[in-house]
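Quick caveat, the model's predicted, so the values are computed rather than measured.
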Amino acid sequence: QVELVESGGGSVQAGGSLRLSCAPSGRPLYGFSKAWFRRAPGKEREFVAGIRRNGVGTLYADSVKGRFTISRDNAKNTMYLQMNNLKPEDTAVYYCAAGDIATMSTSTSPYEYWGQGTQVTVSS
């Protein structure tokens, strides 16, 4: 059984930065494409960023492009989301996901494994 564990959430003021981490417990997921999603209060879960299984290709939601950076370190079996210039509208629970797919997907359905989520709160 594989579980994904997120860490690094917290509360910051607008303009601040946070770095989220995601690592699987159990077997490593080196060959899986991975992504970050988020769910703001009263909204549907939405795609934030994705990274291909080979770590070369990335994809970002327009709302975070230029501010967030997704990366993975297979040696540490960890994926990251560096979030800079945070805005109050970035406030949400952030989830990491992994799927046995060749490339990224902005839909939740291809991802087999999910974390429990970590809260990010940005105050103005």
Side-chain angles (χ1 to χ4, degrees):
Q1 184 72 15
V2 176
E3 294 183 358
L4 298 179
V5 181
E6 302 100 338
S7 61
S11 297
V12 296
Q13 291 190 325
S17 298
L18 285 173
R19 188 176 79 157
L20 305 183
S21 300
C22 171
S25 62
R27 68 182 179 96
L29 301 175
Y30 298 131
F32 281 57
S33 292
K34 297 179 179 177
W36 290 95
F37 287 77
R38 66 187 181 187
R39 177 178 284 163
K43 295 187 177 181
E44 297 290 320
R45 191 174 299 196
E46 66 173 1
F47 174 82
V48 175
I51 188 165
R52 278 187 173 180
R53 60 175 68 189
N54 63 6
V56 175
T58 57
L59 181 67
Y60 295 92
D62 288 343
S63 59
V64 306
K65 202 172 294 183
R67 300 187 298 121
F68 291 10
T69 303
I70 189 172
S71 62
R72 62 192 296 169
D73 184 339
N74 282 345
K76 296 183 178 180
N77 200 21
T78 302
M79 175 176 67
Y80 304 97
L81 185 68
Q82 178 66 43
M83 305 185 295
N84 297 328
N85 191 22
L86 283 160
K87 303 176 180 181
E89 51 264 44
D90 294 318
T91 295
V93 177
Y94 284 71
Y95 302 88
C96 65
D100 189 11
I101 51 179
T103 187
M104 302 78 66
S105 173
T106 59
S107 171
T108 59
S109 55
Y111 297 97
E112 306 163 50
Y113 303 107
W114 290 84
Q116 294 298 309
T118 185
Q119 177 70 46
V120 171
T121 303
V122 185
S123 58
S124 57

> Quick one: OG1 on T121 to CG on D90, what's the gap to the nearest 0.5 Å?
Replying inline: 11.0 Å
>> Students often mix this up, so state it plainly: with edges at 30° and 60°, are the rings of F37 and Y111 parallel, tilted or perpendicular?
In response: perpendicular
> Going by the disulfide (SG to SG under 2.5 Å) test, which pairs reach into residues 64-99, not counting sequence neighbours?
Replying inline: C22-C96
> Do the non-hydrogen side-chain atoms of P24 and N77 ever get within less than 4.5 Å of each other?
Replying inline: yes
>> Please determine whether side-chain contact (heavy atoms from CB on, under 4.5 Å) holds for the pair Q119 and T91, giving the CA-CA distance in whole Å, both sets of side-chain angles, and the decisive distance to 0.1 Å.
In response: CA-CA 8 Å; Q119 177 70 46; T91 295; 4.0 Å; yes
>> List the residues meeting ring pair (Phe, Tyr, Trp, His ring centres under 6.0 Å) with Y95, not counting sequence neighbours, and say none if there are none.
In response: none
> Got a sec, which residues hit ring pair (Phe, Tyr, Trp, His ring centres under 6.0 Å) with F68, two or more places apart in sequence or on another chain?
Replying inline: none
> Any idea which heavy atoms bring K43 and R39 closest together, and the distance?
Replying inline: O-CG, 3.3 Å
>> Is any side-chain heavy atom of L20 closer than 4.5 Å to one of M83?
In response: yes
> Do W114 and F32 share a hydrophobic cluster (ILVMFWY, side-chain heavy atoms under 4.5 Å, transitive)?
Replying inline: no
> Would you say the side chain of K34 lies within less than 4.5 Å of the side chain of I70, judging by non-hydrogen atoms?
Replying inline: no
>> If you compare all heavy atoms of Y80 against all heavy atoms of D73, which two are closest, and at what distance to 0.1 Å?
In response: CE1-CB, 4.0 Å
> Looking at OG1 of T106 and CD of E46, how far apart are the two atoms once the value is rounded to the nearest 0.5 Å?
Replying inline: 11.0 Å
> Residues two or more places apart in sequence or in another chain: which of them pass side chain to side chain donor-acceptor pair (under 3.5 Å) with Q116?
Replying inline: none
> Do E6 and L4 come within less than 4.5 Å of each other through their side chains, counting heavy atoms only?
Replying inline: no
>> Let's go through R38 and S63 carefully: what are the C-alpha distance in whole Å and the side-chain angles of both, what is the deciding distance for side-chain contact (heavy atoms from CB on, under 4.5 Å) to 0.1 Å, and is it a yes or a no?
In response: CA-CA 12 Å; R38 66 187 181 187; S63 59; 3.5 Å; yes
> So how far is it from S21 OG to Q82 CD, rounded to the nearest 0.5 Å?
Replying inline: 9.5 Å
> Given the rule that I, L, V, M, F, W and Y join up when any side-chain heavy atoms are under 4.5 Å apart, are M104 and I101 in one cluster?
Replying inline: yes
> If every non-hydrogen atom of L29 is compared with every non-hydrogen atom of Y113, which pair is closest and at what distance?
Replying inline: CD1-CD1, 4.1 Å
>> Between V93 and R45, is there a side-chain heavy-atom distance shorter than 4.5 Å?
In response: no
>> Between S33 and R52, is there a side-chain donor-acceptor contact under 3.5 Å, judged purely by atom types and distance?
In response: no
> Would V12 end up clustered with W36 when hydrophobic side chains under 4.5 Å apart are linked, directly or stepwise?
Replying inline: yes
> According to the disulfide (SG to SG under 2.5 Å) rule, which pairs have a member within residues 35-78, sequence neighbours left out?
Replying inline: none
>> For S109 and S107, which I'm curious about, is there any donor-acceptor pair between the side chains at under 3.5 Å?
In response: yes
> Checking salt bridge (Lys or Arg N to Asp or Glu O under 4.0 Å) for the pair K65/D62: CA distance, chi angles, key distance, verdict?
Replying inline: CA-CA 5 Å; K65 202 172 294 183; D62 288 343; 3.1 Å; yes
> Distance from S124 atom OG to K87 atom NZ, nearest 0.5 Å?
Replying inline: 13.5 Å
> Do you reckon V48 sits in the same ILVMFWY cluster as L18, going by side-chain contacts under 4.5 Å, direct or chained?
Replying inline: yes
> Which residues pass the side chain to side chain donor-acceptor pair (under 3.5 Å) test with S17, sequence neighbours left out?
Replying inline: N84
>> Assess the residue pair Y60 and R67 against the criterion (side-chain contact (heavy atoms from CB on, under 4.5 Å)); give the C-alpha distance rounded to whole Å, side-chain angles, the decisive distance to 0.1 Å, and a yes or no.
In response: CA-CA 10 Å; Y60 295 92; R67 300 187 298 121; over 6 Å; no
>> Quick one, V2 with E112, criterion side-chain contact (heavy atoms from CB on, under 4.5 Å). Give me CA distance, side-chain angles, the key distance, then yes/no.
In response: CA-CA 10 Å; V2 176; E112 306 163 50; over 6 Å; no
